[in-house]
Structure formats: structure tokens, C-alpha cells
Amino acid sequence: MEQLRVNEGVEAINTDRPRQSFVYGCVSYLFVFPIFRFLFRGQTIGISNLPKTGGVVVVSNHGSHLDPPILGHALGRPVAFMAKSELFRVPILASIISACGAYPVKRGAGDREALRTASNRLNEGWATGVFLDGTRQENGRVNDPKAGAALLAGRTGCPILPVAIVNSHRAFPKGSILPRFVSIHLRVGELIQPPKTRKREDLTSTTKEIQISINSMLDKGQIKNI
């Protein structure tokens with residue numbers, strides 16, 4: 001009976017959806033929207049695969065610094081990302097990124113601290129963003145996937161949403177100072193269920209499934225005829 005009450009409590013938490021803050025809305029629609037839609041001729045397909053409420057682990061490839069704001073805008077609901085704690089020491093910047101759902105992680109901190117923070121966000125009902133490789137990739141693909149996304153899903157019971165960001169690595173290559181205004185498109189895949197257990201083999205299997213899903217969408221290239 002006690003276990004049943006615990007599970008019911010988790011479900012009640014995970015059906016929530018955090019409200020979009022005023023600052024988040026301003027940054028999204030006054031800044032990110034015109035950049036994504038007009039400068040980069042952005043398009044998104046498969047958005048109906050995203051649950052409207054509840055925690056979901058949004059997992060994507062990572063090709064440039066453009067990826068977090070684009071994901072936060074193009075999916076139509078707030079997405080929380082971890083950010084270096086140093087950024088929260090800048091007064092104005094700290095207020096903006098906090099209002100946009102970012103949460104601090106100390107540089108060099110153990111994985112447990114970051115995992116705990118991200119799990120709390122998911123249990124609060126946030127869509128929580130994870131880059132599967134953990135760092136930018138020059139070819140924009142998923143090359144060396146980490147098990148963090150699968151572990152997050154396994155800890156919280158939240159589903160995984162694979163997202164392919166097409167061309168961001170060409171629009172703002174690693175090491176570049178100025179962007180190139182090529183088209184950036186988003187392909188949103190079907191939900192992937194969390195791993196059955198948190199054993200290594202289940203985490204590895206789920207991580208591989210995410211990698212295949214994202215890279216398969218990348219192979220389709222830009223969106224046509226929509």
C-alpha cells in the first residue's frame with residue numbers, strides 16, 4: 001500500500017506543466033523566434049509527438065551554441081537545460097537564464113549532483129533537455145552517446161523525446177565567431193519509453209535506440225514539402 005501511494009505521488013507530479021515565465025516568453029518570441037524563423041528559415045516537423053504536459057527527457061544531437069535556444073522555442077513549451085554555475089554570477093544574465101528554466105551545475109561537479117538536479121526538474125513537470133554526446137560535434141551527428149538521458153528516464157519514469165537538429169553545425173560551426181544563415185530544421189521523433197531497469201545493459205540499449213532515432217532523422221536532411 002505504501003509503494004502504491006509513492007507511485008501515485010510521482011504520477012501527480014509528472015502530470016504538471018510549469019508555466020512559461022514572462023521573461024521566457026519575451027526571449028522566445030521577441031528574440032529567438034525571428035532568428036530561427038527568418039534568418040535561419042527554421043521549420044519543425046513532428047511536434048505532435050511532444051507531450052503537452054508532464055516531464056519528458058528531450059534528447060538531441062548537438063552541433064552549435066544555437067541548439068539550446070532553438071529547442072526552447074521550437075518545441076512550444078519550456079525546456080530546462082543545465083548551465084555552468086559561473087553564468088549565474090552575472091546579475092542580469094542570471095535572471096534571464098533562470099527565468100528560462102536553466103539550472104546551475106558546478107564545473108567539475110560529480111555526475112550525481114547534475115543527475116539529481118535534472119531529475120527534480122523532470123518531477124516538477126519540466127521538459128528537460130539533454131545533448132546525447134554531452135558536447136558539440138563538428139559533424140552535427142550523435143557520435144559518442146552518453147547514458148545520462150537513459151539514466152534520467154530510468155530514475156523518473158519519464159519518456160524520452162528524440163529530436164534531430166538539422167544544420168546547426170553548419171550555421172554556427174564550432175570555433176566560429178559569426179553565424180552562417182543556412183536553414184536549420186528540427187525533426188521530432190516518436191517517444192521512446194524509459195529503460196526497464198537501470199542496469200548497464202538496459203541503459204546501453206536505450207541509449208543506442210536514441211542514437212539510431214536521431215541519426216536516422218538527420219539522414220533525411222532538411223524538411224521538404226510542408
Side-chain angles (χ1 to χ4, degrees), residues 20-52 56-84 87 92-93 96-102 126-145 149 160-190 210-211 213-226:
Q20 178 175 285
S21 70
F22 176 75
V23 174
Y24 192 106
C26 288
V27 172
S28 180
Y29 292 102
L30 298 180
F31 183 67
V32 180
F33 175 83
I35 290 177
F36 175 62
R37 297 293 183 182
F38 301 115
L39 293 183
F40 293 109
R41 302 183 296 282
Q43 297 185 62
T44 304
I45 191 172
I47 196 66
S48 59
N49 291 326
L50 172 66
K52 295 181 179 179
V56 58
V57 185
V58 177
V59 188
S60 79
N61 55 309
H62 191 18
S64 83
H65 288 309
L66 297 170
D67 298 334
I70 286 177
L71 279 177
H73 160 74
L75 295 184
R77 59 174 288 191
V79 180
F81 285 95
M82 65 178 64
K84 294 182 294 185
L87 298 178
I92 297 178
L93 180 61
I96 293 175
I97 63 177
S98 295
C100 291
W126 280 90
T128 301
V130 177
F131 296 117
L132 199 56
D133 285 295
T135 187
R136 289 172 293 159
Q137 303 294 302
E138 292 186 3
N139 64 358
R141 297 179 65 81
V142 177
N143 300 305
D144 184 24
I160 299 162
L161 184 76
V163 179
I165 307 175
V166 182
N167 268 354
S168 73
H169 69 293
R170 294 190 177 97
F172 198 14
K174 192 173 181 180
S176 296
I177 299 176
L178 297 175
R180 304 167 185 168
F181 296 118
V182 300
S183 296
I184 298 178
H185 293 173
L186 267 65
R187 292 181 176 273
V188 183
E190 296 183 359
I210 302 169
Q211 179 185 24
S213 176
I214 294 174
N215 282 342
S216 295
M217 289 188 287
L218 290 172
D219 288 338
K220 294 179 181 178
Q222 296 188 22
I223 300 166
K224 300 177 180 178
N225 302 322
I226 65 169

Intermediate values then yes/no, side chain to side chain contact (heavy atoms under 4.5 Å, CB included), V58 and R77: CA-CA 11 Å; V58 177; R77 59 174 288 191; over 6 Å; no
Criterion side chain to side chain contact (heavy atoms under 4.5 Å, CB included) on V57 and T128, from CA distance to verdict: CA-CA 5 Å; V57 185; T128 301; 5.8 Å; no
4.5 Å side-chain heavy-atom contact, [X] and [Y]:
{"X": "L132", "Y": "Q211", "value": "yes"}
{"X": "L186", "Y": "L71", "value": "yes"}
{"X": "K220", "Y": "I45", "value": "no"}
{"X": "D67", "Y": "F81", "value": "no"}

More than 12 heavy atoms from other groups under 6.0 Å of CZ on F31: no
Q222 atom CD: more than 12 heavy-atom contacts under 6.0 Å: yes
Mind listing the closest non-hydrogen atom pair of [X] and [Y] along with its distance?
{"X": "S168", "Y": "I184", "result": "CA-CD1, 4.1 Å"}
{"X": "N61", "Y": "F131", "result": "O-CD2, 3.5 Å"}
{"X": "N49", "Y": "E190", "result": "ND2-N, 3.8 Å"}
{"X": "P162", "Y": "S213", "result": "CG-OG, 3.4 Å"}
{"X": "F40", "Y": "L66", "result": "CZ-CD1, 3.8 Å"}
{"X": "L50", "Y": "L75", "result": "CD2-O, 3.1 Å"}

Side chains of [Y] and [X]: any donor to acceptor distance under 3.5 Å?
{"X": "D133", "Y": "H62", "value": "no"}
{"X": "N167", "Y": "S183", "value": "no"}
{"X": "R141", "Y": "H169", "value": "no"}

Test item: R180 side-chain N/O and P173 main-chain N/O as donor-acceptor pair under 3.5 Å: no
Plane angle bin for H73 and F33 - parallel if under 30°, tilted between 30 and 60°, otherwise perpendicular: perpendicular
From T44 atom OG1 to I223 atom CD1, the distance as rounded to the nearest 0.5 Å: 6.0 Å
From NZ (K224) to NE2 (H185), nearest 0.5 Å: 10.5 Å
Carboxylate-amine/guanidinium proximity below 4.0 Å for R187 and D219: no
